[in-house]
Amino acid sequence: QVQLAESGGGLVQAGGSLRLSCAASGRTVSSYAVGWFRQAPGKDHEFVGTITSGGRITFYADSLEGRFTISRDDSKNTVYLQMNSLKPEDTAVYYCAISRGPNRSKVFYEYWGQGTQVTVSS
């Protein structure tokens with residue numbers, strides 16, 4: 001079994017940046033795709049992006065591409081989400097999750113972290 005732990009969230013002003021980490025434990029996640037999702041109050045999980053097991057291909061939500069970047073360091077069993085030019089509408093709880101392949105739908109992700117809060121002020 002694998003556990004995922006997100007960190008790096010916090011309060012940031014609009015236009016600022018944050019780097020979220022998703023640290024896996026229990027087993028290596030190098031063979032998994034890792035996705036990032038976010039959930040704003042009263043809304044369902046929204047796809048942010050995903051990175052393949054090889055780390056060479058990434059996909060992002062259209063509205064986020066160019067601002068958000070996913071990377072991974074398999075030696076640390078960790079995946080990162082770099083968020084730049086943050087906007088108030090980016091405020092949400094951000095989750096990482098693992099899948100057998102890159103997907104935009106949350107139904108394909110088997111394990112989820114507890115999330116980390118990102119709040120972007122105006």
Side-chain angles (χ1 to χ4, degrees):
Q1 58 190 86
V2 61
Q3 295 82 44
L4 304 175
E6 302 93 340
S7 63
L11 176 64
V12 64
Q13 292 185 356
S17 299
L18 283 175
R19 189 194 194 199
L20 306 184
S21 297
C22 174
S25 60
R27 61 172 167 170
T28 180
V29 295
S30 62
S31 63
Y32 290 88
V34 179
W36 286 92
F37 293 81
R38 65 186 186 183
Q39 186 176 36
K43 297 184 178 180
D44 200 0
H45 295 82
E46 177 189 11
F47 175 75
V48 172
T50 185
I51 187 168
T52 62
S53 61
R56 296 186 178 181
I57 302 174
T58 53
F59 300 95
Y60 303 93
D62 290 344
S63 62
L64 303 178
E65 191 160 7
R67 295 194 298 121
F68 288 16
T69 303
I70 301 173
S71 61
R72 67 192 303 162
D73 184 347
D74 287 335
S75 69
K76 298 180 179 179
N77 215 22
T78 299
V79 175
Y80 305 96
L81 176 65
Q82 178 68 46
M83 305 185 296
N84 299 324
S85 301
L86 284 164
K87 305 174 181 179
E89 51 263 43
D90 295 321
T91 296
V93 177
Y94 284 72
Y95 300 88
C96 64
I98 60 173
S99 170
R100 297 186 184 276
N103 290 283
R104 296 179 180 271
S105 174
K106 67 178 182 180
V107 303
F108 293 98
Y109 290 84
E110 302 176 31
Y111 298 95
W112 294 73
Q114 295 299 306
T116 185
Q117 177 71 49
V118 172
T119 302
V120 184
S121 63
S122 300

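Sequential numbering from 1 along the given sequence is applied to the chain's residues.
Residues meeting the salt bridge (Lys or Arg N to Asp or Glu O under 4.0 Å) test with Glu65, sequence neighbours left out: none. Applying the side chain to side chain donor-acceptor pair (under 3.5 Å) rule to Glu110 yields the partners Arg100; only residues at least two apart in sequence or on another chain are considered. Residues passing the side chain to side chain donor-acceptor pair (under 3.5 Å) test with Tyr80, sequence neighbours excluded: none. Every residue two or more places apart in sequence or in another chain that forms a ring-ring contact (aromatic ring centres under 6.0 Å, His included) with Tyr109 is listed here: Phe37.
Glu6 places a side-chain N or O within donor-acceptor distance of the main-chain N or O of Gln114, the cut-off being under 3.5 Å. Under the 3.5 Å distance criterion, the side-chain polar atoms of Asn77 are matched with a main-chain donor or acceptor of Arg27. The backbone N or O of Ala23 sits nowhere less than 3.5 Å from a side-chain atom of Ser21 that would complete a donor-acceptor pair.
Looking at Asp74 and Arg72, a side-chain N of the basic residue comes within less than 4.0 Å of a carboxylate O on the acidic one, giving a salt bridge.
For the pair Val118 and Leu18, the minimum side-chain heavy-atom distance is below 4.5 Å.
A disulfide bond (SG atoms under 2.5 Å apart) check over residues 53-82, counting only residues at least two apart or in different chains, returns nothing. For residues 73-122, the set of pairs meeting the disulfide bond (SG atoms under 2.5 Å apart) definition, not counting sequence neighbours, comprises Cys22-Cys96.
The two residues Val29 and Ala24 make their nearest non-hydrogen contact at CG1-CB, 3.6 Å. Annotation for Asp90 and Ser85: closest pair OD2-O, 4.4 Å, computed over non-hydrogen atoms. Between Pro102 and Thr50 the shortest heavy-atom distance is CB-CG2, 3.7 Å. Shortest non-hydrogen contact noted between Ala92 and Arg38 is CB-CB, 3.8 Å. Between Gly9 and Thr116, the closest heavy-atom pair is N-OG1, 3.2 Å. When all heavy atoms of Thr91 and Pro88 are compared, the pair lying nearest together is OG1-O, 2.9 Å.
Other residues, nucleotides and ligands contribute over 12 non-hydrogen atoms within 6.0 Å of the CD atom of Gln82. The local environment of CD in Gln13 is sparse, with at most 12 non-hydrogen atoms from other residues, nucleotides or ligands closer than 6.0 Å.
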Subject >> Criterion side-chain contact (heavy atoms from CB on, under 4.5 Å) on Arg104 and Tyr60, from CA distance to verdict >> reply: CA-CA 8 Å; Arg104 296 179 180 271; Tyr60 303 93; over 6 Å; no
Subject >> Verdict with supporting geometry, Ser121 and Leu11, side-chain contact (heavy atoms from CB on, under 4.5 Å) >> reply: CA-CA 7 Å; Ser121 63; Leu11 176 64; 4.3 Å; yes
Subject >> From CA spacing to verdict: side-chain contact (heavy atoms from CB on, under 4.5 Å), Phe68, Val48 >> reply: CA-CA 8 Å; Phe68 288 16; Val48 172; 3.6 Å; yes
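Side-chain atoms of Thr78 and Asp73 include no donor-acceptor pair closer than 3.5 Å.
For the atom pair Lys106 NZ and Glu46 CD, the distance stands at 11.5 Å (nearest 0.5 Å).
Separation of the His45 and Trp36 ring centroids does not fall under the 6.0 Å cut-off.
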